[in-house]
Structure formats: structure tokens, C-alpha cells
Protein chains: 2
Amino acid sequence: MLYAGFMSAALPSFPTPPEPAPSPELIQLGTGDAEDEPCLRADAARNRARLLEAAARLVAEHGAAGVTMEAVAAAAHVGKGTVFRRFGDRVGLLTALLDHSEKKFQAALLGGPPPLGPGAPPVDRLRAFGCALLRRADEELELQLAAEPAGERRYTVAPRRFQRGHVAMLLRQAVPDADGELLSHTLMSSLDVALLHHLTRQNGMPLARLEAAWTDLVTRVTRPREDHLSR
Amino acid sequence: MLYAGFMSAALPSFPTPPEPAPSPELIQLGTGDAEDEPCLRADAARNRARLLEAAARLVAEHGAAGVTMEAVAAAAHVGKGTVFRRFGDRVGLLTALLDHSEKKFQAALLGGPPPLGPGAPPVDRLRAFGCALLRRADEELELQLAAEPAGERRYTVAPRRFQRGHVAMLLRQAVPDADGELLSHTLMSSLDVALLHHLTRQNGMPLARLEAAWTDLVTRVTRPREDHLSR
DNA sequence: AAACAAACCGGACCGAGGTCCGTTTAAAGT
DNA sequence: ACTTTAAACGGACCTCGGTCCGGTTTGTTT
């Protein structure tokens, strides 16, 4: 049953955490593993599972657009307020649906086999990272697109922060003389889900071309500079 | 009076143009200048001006968040339907507010003095383009942020397509061996308004650092390759 | 001047996200 | 078992973007 899979889907219990501290960049990545949901009351846990199961069914039946907060609540036989209490907002709910896949991806980066995981040269890891991300996004495109918050919030969402931190770390190893922080934003932006959708679905561009462009981009960006005429 | 300025603000008269043809990339840039608004009925033109003036006042008084479609309609003594008929949707209205500034910017790129305008080497023009765009976005940040459509639509909006086309053209001149189409998306993404907001407003990053990073990025990306080990 | 068609107008209406608050209930303490 | 309390619940309610359609205005034609 696809039900069990969602039991492990995790999210900070606080729907809208202000999260005041910028914090040392690379530390707060792993969102406490080991059966999360710090302490959920029995009924809360039950309803949470019901909601995720209902949401997944709605996605399968009517696409991501069919995942209305009211529809999910009704399908799970639960009040609307409960959905918002648990997931904060629509983005939170959709993100929770993607949580399992995201966890797997993070695990592959952190401890999987090279070149995605540790052990390979940073530039190779960068190349592998982008291609893996592109392929994964291409599979879950509709859901990931719907789960993307609007405007500035795009950059504060947990998965993106983790991925960007990862890229920044690899960049610091590969090109110490660059502004890794900002360069990582640039690289991440070129893997944006909305862009992927625009190019592949609206312009019919093959995924292979995107992968080639990513590979080339990494190459260009990490080439050591031989002249210092800039700045 | 700031009123007159808005008379020249322009937008395709069709609220929701399907725009089926991908078209030869660089052609449909200039959105017919020379006193646009092909043919607006007297009352329509009057209401359009009223609406823009009212919207501008609301922005000044309550910020972009205060620009509610109903509020604008009320402030302009006009029905709500009229607002949507004229501007299509909220994004269209906000875009129209920015139209004057956008036109000026486009003119500077197309016919202004170098290095922004034609006459300078493409790499210099690229550098100037990014810095100019960053500075302009930094000024109108709130409005531009509010005018940014969500999701995939971000990439289909007219100003962005023009700017990306411009970058693509410069890239083709500077680095003919690269995938200019995709590389231009990458460069444009690193100038994204939401990202600018995130970095400068939420993380307190100085604009100068963004400009330096842009300059460096252009340098890295346009450096000629000497080895062909990639691919 | 009268008639006509196309464009425009306005506001009632709808759906969806998000909030609020009185009520219920799980679980810890006695 | 009984009390207590903090958490969870649910659905009425609000706001806002967007649609619809009957009535009105404009400008053109005869």
C-alpha cells in the first residue's frame, strides 16, 4: 500500500516557523531524520496520514490542480482547519507529498556512491548533481511546479536551501577564488523547475540538451582563471 | 503631474493573448511604439488612464500589496470588470505600471550610448546590461516583485523575453560555440527580481557584491575554451 | 437624424486560500 | 478513575482574484 510510505513524510511541526537565525550555512541541512514528527498526538498523526493519502489520490486522479485544500479535507473526512494546522499552507502540503523523494535525493548526495555522493572530484559531483536534479524534476514536474512558492519565498524553502548549500560547498572546493555563495545561486537557478517546464513542455526542448548545457556551464564556470583583468 | 506619464503606458489590447507562434526569437521585441493603444474607444481610454493613476496612488500610499483589483476599481470610480477587461489580470496591471520604465530601458539597450547600447564589444555590453538591470530592479523592487507572475508564466512575459533575447544575441557574438539559448536563461535567472530581493532585503547583501558577481560570471562564462574535454 | 453593431461597463457571483474561535479530546498528573 | 490542560478539531467566515452576462455607450453607416 502506498499508504505506509507517507507515514515517514516529515515536516517541521510548526506550520509557519519564523526561523530568525541565518545560521552557519551548512549546518541546518539534515532536517532531523530518524522518524521525525517529534511528538504528534494520536489523532493528529492519524489525520495527517489520512490527509497525505487523500492528497496523493487527488493528484493521481485530477492532477496537481485538483488538490484543493477543501477537496483534500473532504476526501480525508477532516475539517479544513486541520489541513492548515498541519501543513501551514498549500505549499506545505505539496512539499510534504514530495518529502520522501527529496529525502532519498539528499541521502544520495550525502552518502551515496560517487560521483553523486562523496568520493569524486567536486566538478564531477557538480555535473552529476545537476543531471540528477534535472532528471528527478522532469519526473515529478507537475507536482514540483505546484509545490514551488511564489516570489521571494522560493529561496527560503528547505529543499532549495539544502541543495544550494551543497552546490556552494562543491564550488568552494572547485573554485576557491569565486563568490561561491552567489555562484551557487546562479547554478541553482538554471535548474529551476519552472524553467524546466517552460523549456521542455512549452518549447519541446529535449532533456538531453538541458543536461549538456548544464555540463558545459559547470565546465565554463569552474575553469581556473589565468588573467585577472576583471574587477 | 504624474498623470500624463501613464497615458503612454502600453500593453497589447488583448487581455489574454494565446500567442501561438514561437516566432523567430528576436523579431517581436519592440511592442509597436509610436503612441500605442491601436484603437481604444474614448471611454475605454479615459478609464484606462484613471485606473493607472489610481493604481499608482495606491502603490504610493499602501505599497504594492495594497493594490487590490477591487480597490483600484473603486479608487478609479470604475467597475471591477473593467479593470480585468483592460489589463487581463493583476500581473497585467502591475506590468502596465512598470511599462514606462521598461520602455526606457529597452531604448537604452537598442539605441543608447555604449556600453549599454550598440558599439561596444559584446562582453562589455553584457556586463553593463546586468549591472543596469540590477540597479533598476533594486529601485523598483517591490513593484517588480509584485508584477512577477508565478510558476512557468515567469518565462513567457514580454519584458523578460525581450531581455533574454538581448542577452542571447550578445552571447552568440561573444561565445559562438556555446548554447546561447540556454546560457542566456542561466544569466537572466541570476538577475531574477525575487533573488535580488532575497539577497539584499532578507540577507542584507550589498548591491555592489551582486554586481561584482555578475561581472565575474560574465567573464567566466565567456572565456574561450582551450581544451575540449567536456562532452 | 436614426438605426445598428461592436465594444464597453458594472457589479453580482464563484472558487480557493487562509483565519478564527468555540468545542472536543488525547494524554499527563493526582 | 477523576481532573486538568494543552493540543487538535471543524466549519463558519473573510478576502481577493477572476468570470459572466444583461444593460449601456460609442462611433459608424445610411
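So you know, we letter chains A, B, ... as the sequences are listed, proteins then strands, and number each from 1.
- Distances shown here put every side-chain N or O of A:Arg46 at or beyond 4.0 Å from the OP1 or OP2 atom of D:dA8.
- Between A:Arg86 and D:dA8, a side-chain N or O to OP1/OP2 separation shorter than 4.0 Å is present.
- A sub-4.0 Å separation between OP1 or OP2 of C:dA7 and a side-chain N or O of B:Arg41 is absent.
- Taking the nucleotide of DNA chain C with the nearest heavy atom to each of B:Glu70 and B:Asn47, the more 5' of the two is matched to B:Asn47.
- When rounded to the nearest whole Å, the span between CZ of B:Arg90 and P of D:dC16 equals 10 Å.
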Verdict with reasoning, B:Arg209 to A:Glu181, per salt bridge (Lys or Arg N to Asp or Glu O under 4.0 Å): CA-CA 11 Å; B:Arg209 182 167 165 196; A:Glu181 182 90 6; 5.2 Å; no

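- Each of A:Val67 and A:Gly81 was assigned the nucleotide of DNA chain C with the nearest heavy atom; the assignment lying further toward the 5' end belongs to A:Val67.
- The interatomic distance linking A:Arg153 (CZ) with C:dG18 (P) rounds to 8 Å, in whole Å.
- Here B:Thr82 does not reach the OP1 or OP2 of C:dC8: none of its side-chain N or O atoms lies under 4.0 Å away.
- At a threshold of 4.0 Å, the pair A:Glu102-A:Arg136 counts as salt-bridged, since one of the basic side-chain nitrogens sits closer than that to a carboxylate oxygen.
- A salt bridge links B:Asp138 with B:Arg201; the closest basic N to acidic carboxylate O contact falls under 4.0 Å.
- Rounded to whole Å, the distance from CZ on A:Arg48 to P on C:dA26 is 19 Å.
- The shortest side-chain heavy-atom distance between B:Asn47 and B:Arg86 does not fall under the 4.5 Å cut-off.
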